[in-house]
Trainee: 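The structure's right below; bear with me while I get my questions together.
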Amino acid sequence: QLPVDGVHKIGVLDLQILNCDRNSENILSRKLPGGSLKLVPIDHGFSMPGGLSLGIGYFEWLLYPVSKQPFSPAMLAYIEAIPVERVLALLTDELGLRPESVAAVRLAHAWLQCGAASGLTLHELGAAVCSTASEPSEFERACGHLLQDAVAANAVTPALADSINALVGRVRAKRQ
């Protein structure tokens with residue numbers, strides 16, 4: 001049995017940094033005393049793209065039934081408290097993150113926070129971000145045309161916030 005918290009932590013990381021290559025070989029597991037599993041994400045080489053396009057984005061954890069479970073109150077508090085601007089400043093200073101990548105991570109963070117606070121599951125959040133070879137993701141279609149505005153403003157613009165909120169509404173409507 002995979003640990004719900006462990007899957008949720010990896011999924012939150014992947015959504016936050018737009019990691020488009022989370023396959024089964026990039027998740028290690030370690031058995032802890034008592035028999036429980038600890039999941040360890042590795043290989044973040046295809047993260048923080050220079051835009052919202054993930055190519056053929058894939059999250060292995062979408063296949064795990066626990067990704068469909070609601071976030072715990074502790075995980076929701078963690079997501080809400082992620083200091084995205086401090087993280088982005090550090091990544092920009094240390095790694096020279098490009099403005100397009102900064103904007104993409106900022107938008108992914110807004111999607112994660114807004115969706116989680118609205119009751120979306122990790123699975124719903126991730127499925128909306130994944131694209132195919134022939135079609136962009138729902139996330140890309142909702143926000144991609146506004147990415148340059150986010151780069152110029154160095155922030156999530158009101159139009160982007162509206163697009164993210166509308167996408168949350170569409171994903172929630174699919175439940176019915």
Side-chain angles (χ1 to χ4, degrees), residues 7-22 44 46-62 67-73 75-92 95 97-176:
V7 171
H8 283 182
K9 285 178 182 177
I10 290 173
V12 165
L13 171 65
D14 288 345
L15 289 171
Q16 181 72 44
I17 64 174
L18 292 173
N19 181 4
C20 58
D21 186 30
R22 179 63 66 211
H44 304 85
F46 291 110
S47 299
M48 298 177 276
L52 294 183
S53 176
L54 300 181
I56 302 173
Y58 176 73
F59 301 125
E60 174 74 18
W61 42 260
L62 285 173
S67 72
K68 295 181 179 181
Q69 291 187 17
F71 288 115
S72 68
M75 184 59 71
L76 288 170
Y78 171 79
I79 292 168
E80 182 61 34
I82 295 171
V84 70
E85 294 305 323
R86 281 193 334 195
V87 171
L88 287 171
L90 177 67
L91 291 172
T92 300
L95 301 178
L97 207 57
R98 296 184 322 220
E100 295 82 8
S101 297
V102 169
V105 170
R106 188 177 281 122
L107 292 178
H109 176 75
W111 166 242
L112 174 63
Q113 279 193 329
C114 183
S118 297
L120 297 184
T121 65
L122 177 62
H123 188 274
E124 290 168 320
L125 289 163
V129 170
C130 286
S131 54
T132 66
S134 61
E135 200 171 317
S137 70
E138 291 179 271
F139 180 66
E140 291 173 74
R141 288 192 306 270
C143 301
H145 64 289
L146 299 169
L147 182 64
Q148 288 308 314
D149 294 345
V151 172
N154 200 27
V156 173
T157 64
L160 276 164
D162 290 345
S163 292
I164 289 169
N165 284 320
L167 178 57
V168 167
R170 287 193 299 276
V171 171
R172 289 183 72 177
K174 289 180 185 180
R175 289 181 181 172
Q176 278 72 18

Trainee: Working to the nearest 0.5 Å, report the span between CD1 of Ile79 and CG of Leu112.
Mentor: 4.5 Å
Trainee: Identify the two heavy atoms, one from Phe139 and one from Leu167, that lie closest to each other, and give their separation to 0.1 Å.
Mentor: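 For Phe139 and Leu167, the tightest heavy-atom pair comes out as CA-CD2, 3.7 Å.
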Trainee: Return all side-chain donor-acceptor pairs below 3.5 angstrom for residues 146-156, not counting sequence neighbours, or 'none' if the list is empty.
Mentor:
unit_1 : atom_1 : unit_2 : atom_2 : d
Asn154 : OD1    : Arg106 : NH1    : 3.3
Asn154 : OD1    : Arg106 : NH2    : 3.4

Trainee: Are the side chain of Arg170 and the backbone N or O of Glu138 linked by a donor-acceptor pair below 3.5 Å?
Mentor: no
Trainee: Return the CG to CZ distance between Leu13 and Arg22, rounded to the nearest 0.5 Å.
Mentor: 6.5 Å
Trainee: Considering non-hydrogen atoms only, spot the tightest contact between Val105 and Gln16 and give its length.
Mentor: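 Nearest heavy atoms, Val105 then Gln16: CG1-O, 3.4 Å.
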Trainee: Test Arg98 against Met48 for side chain to side chain contact (heavy atoms under 4.5 Å, CB included), laying out the working first.
Mentor: CA-CA 9 Å; Arg98 296 184 322 220; Met48 298 177 276; over 6 Å; no
Trainee: Measure the spacing between CZ of Phe71 and CD of Glu80 and express it to the nearest 0.5 Å.
Mentor: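 Output value for this atom pair is 12.5 Å.
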Trainee: Testing the basics here: between Cys130 and Ser137, what is the closest heavy-atom pair and its distance to 0.1 Å?
Mentor: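 Closest approach of Cys130 to Ser137: O-CB, 3.2 Å.
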Trainee: Taking Trp111 as the fixed residue, which of Val129, Leu160, Leu18 is the one that meets the side chain to side chain contact (heavy atoms under 4.5 Å, CB included) rule?
Mentor: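 Only one of Val129, Leu160, Leu18 forms a side chain to side chain contact (heavy atoms under 4.5 Å, CB included) with Trp111, namely Val129.
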Trainee: Which heavy-atom pair separates Asp14 from Trp61 by the least distance, and what is that distance?
Mentor: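 That closest heavy-atom pairing would be OD2-NE1, 2.8 Å.
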Trainee: Has the side chain of Thr121 got a donor or acceptor atom that lies under 3.5 Å from a matching backbone atom of Pro70?
Mentor: no
Trainee: OG of Ser67 to CZ of Phe59: how many Å apart, nearest 0.5 Å?
Mentor: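 Going from the OG atom of Ser67 to the CZ atom of Phe59 covers 11.5 Å.
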Trainee: Does a side-chain heavy-atom distance below 4.5 Å link Asp162 with Ile164?
Mentor: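 Side-chain contact under 4.5 Å: no.
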Trainee: So how far is it from Ile17 CD1 to His109 NE2, rounded to the nearest 0.5 Å?
Mentor: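 It comes to 14.0 Å.
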Trainee: With a sphere of 6.0 Å drawn around CZ of Arg86, does it hold more than 12 non-hydrogen atoms of other residues, nucleotides or ligands?
Mentor: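 No - once you tally the heavy atoms of other residues, nucleotides and ligands closer than 6.0 Å, there are 12 at most.
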Trainee: Can you name the closest pair of heavy atoms from Leu62 and His123 and give their distance?
Mentor: O-CD2, 3.1 Å
Trainee: State the CG-OG distance between Leu107 and Ser163, to the nearest 0.5 angstrom.
Mentor: 9.5 Å
Trainee: Taking the side chain as everything from C-beta on, heavy atoms only, tell me whether Val168 gets closer than 4.5 Å to Glu124.
Mentor: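 No, every pair of side-chain atoms sits at 4.5 Å or beyond.
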Trainee: Work out which heavy atom in Ser47 is nearest to a heavy atom in His44; give both atom names and the distance.
Mentor: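 Where Ser47 meets His44 most closely, the heavy atoms are OG-O, 3.0 Å.
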